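Have a look at the structure below, then the notes.
Only this structure's heavy atoms are used, side chains among them; waters, hydrogens and symmetry mates stay out. All values reported here derive from a predicted model rather than from experimental measurement. Remember, it's 1-based here, ligands and their atoms both numbered in the order they're listed.
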Amino acid sequence: MHSPPRKRPGVNRSRQEQSPASLFTENATLIIHDPPLMSETSTSQPPLISIVVPVFNEEKGLQELFSRTALALERISPNFEVVCVDDGSRDDSLALLIAQHQKDPRFKAIALSRNFGHQRAVLAGLTYSRGAFIGVMDADLQDPPELFKDFHDKMEEGFDVVYAVRKNRKENRLKRSAYWMFYRLITNIADIRLPVDSGDFCLMKRQVLNEILRIPEQSLFLRGLRFWVGFRQAGFEYERAERFAGTTKYSLKRLLQLAYNGIFSFSDFPIRFLGRLGYSTIVISLMYTAFILSKKLIWGEIIEGFTTLILAIFFFGGVQLVSIRILGEYISRIYDQSRARPLFIVQEAHL
Ligand code: UDP
Ligand code: MG
């Protein structure tokens, strides 16, 4: 069992304090995200492959997940671990995860103290995973675990990360078009060329994960960070399956939050957009002034003041409110980052 609240580790952890996961590669000197202490991790040899699975109220599909994942990973190596993170489920998911751990200790169960959201649950699992290869997939079997074998084979061609690219989605049309628009928008405005239609489903090498874990960002957009760290990366096209059981656990609010994190963490487009808006309104108002003045000077027409005034007030009022909103978003993100709360809290860990 795991003692829950621990001091957030300082930036310069000494080598002795690091988790075993970070010790067995040369490259890990600075891991920010609260890795488990030595006493809390399993003492067995690190596995070849770790798969992180965030779980939130998924009791109906878990048995299928366990059997399909075990079977699929056996095809790569029997030396695997599946790090399941219970993200504050209110159903029997945690009990099922613990039962599975007792049956097959290669399945680990980590319980967060409440619901922290998908991205943070994945991050929690990543800090606990000890494999040389680390994968991420959803618990609802929309990401087929059988593909890890293909990812692993592809990595043998010399890649450090293989991420899945969704060829098509089996979700409703509204959600599909929202995703479609978001990925095109972010690809166009982001400072780096984020791959289109790729989620968190991937397999990466330990070195890549260690670099991701060094990033102390509060607003998580893991698929962006995974791309941002660089290394040799390849996309792998697949058809995204339907949920095996249950309904989506991502509320619209959470989905929008994720989209916001992607946009604000990977692009300064919103702030540049304000500048452009400002310049354009100045140009338009100057042109309009010239037009009105010429009407008066050349044709001697009387200027209709009231309507123009009201329109201008409304227009600039709107522009200013939107601008304050965008600035506010940056300020709240700075505030969030400066508070530096831990991104997740582990209540118990069955390792
Ligand atoms: N999930 C989670 N915490 C949450 C919401 C979702 O751990 O607050 C998990 C969920 O159990 C699933 C994965 O994240 O394994 C993806 O969620 P979901 O399938 O509901 O999202 P969708 O595929 O509909 O976008
Ligand atoms: Mg899903």
Any idea which atoms of ligand 1 are less than 4.0 Å away from a heavy-atom of Tyr179? 25 (O)
In terms of atom number and element, which parts of ligand 1 are under 4.0 angstrom from non-hydrogen atoms of Tyr250? 17 (O), 20 (O), 21 (O)
Give the ring-plane orientation class for Tyr260 versus Phe264, where under 30° counts as parallel, over 60° as perpendicular and anything between as tilted. tilted
Would you say Val52 and Leu220 are hydrophobically clustered, going by side-chain heavy atoms of ILVMFWY under 4.5 Å? yes
For ligand 1, which atoms, with element, lie under 4.0 Å from some heavy atom of Asn115? 3 (N), 4 (C), 8 (O)
Within a distance under 4.0 Å of any heavy atom of Asp140, pick out the atoms of ligand 1 and give their elements. 19 (O), 23 (O)
Run the numbers for me: atoms of ligand 1, each under 4.0 Å from some heavy atom of Arg240, listed by number. 23 (O)
Counting both backbone and side chain atoms, is some N or O of Ala139 under 3.5 Å from an N or O of ligand 1? yes
Is Tyr250 close enough to the Mg ion (ligand 2) that one of its N, O or S atoms comes in under 2.8 Å? no
Looking only at non-hydrogen atoms, which of Thr248, Asp138, Asp86 approaches atom 24 (O) of ligand 1 most closely? Thr248
Given Asn115, which partner from the list Lys249, Arg254, Arg90 fulfils the side-chain hydrogen bond (donor to acceptor under 3.5 Å, both in side chains) test? Arg254
For Phe56, is at least one N or O under 3.5 Å away from an N or O on ligand 1? yes
Tell me whether ligand 1 is touched by Glu242 - counting only heavy atoms on the residue side and a distance under 4.0 Å. no
Examine Phe182 together with Tyr179 and report whether their ring centres are nearer than 6.0 Å. no
Hey, is OH on Tyr238 packed in by over 12 heavy atoms from elsewhere, all under 6.0 Å? yes
Would you tell me whether Gln119 and Asp200 have side-chain atoms, one donor and one acceptor, within less than 3.5 Å of each other? yes
Quick one: which ligand 1 atoms are inside 4.0 Å of a heavy atom on Arg254? 8 (O)
Closest heavy-atom pair, Ser113 versus Gln347, reported as atoms and distance to 0.1 Å, is CA-OE1, 3.5 Å
Report the name of the N/O/S atom of Asp140 located nearest to the Mg ion (ligand 2). OD2
Asp138 backbone or side-chain N/O/S under 2.8 Å from the Mg ion (ligand 2): no
Note: Glu58, heavy atoms under 4.0 Å from ligand 1, region reported as side chain
So, regarding Thr247 and ligand 1 (criterion: nitrogen or oxygen to nitrogen or oxygen, under 3.5 Å), is there a contact or not? no
Are Arg223 and Phe227 in a cation-pi setup, meaning NZ or CZ lies under 6.0 angstrom from the ring centre and within 45 degrees of the ring axis? no
Consider salt bridge (Lys or Arg N to Asp or Glu O under 4.0 Å). Of Arg232, Arg226, Arg206, which one does Asp160 pass it with? Arg232
Got a sec, which residues hit side-chain contact (heavy atoms from CB on, under 4.5 Å) with Gln102, two or more places apart in sequence or on another chain? Ile98
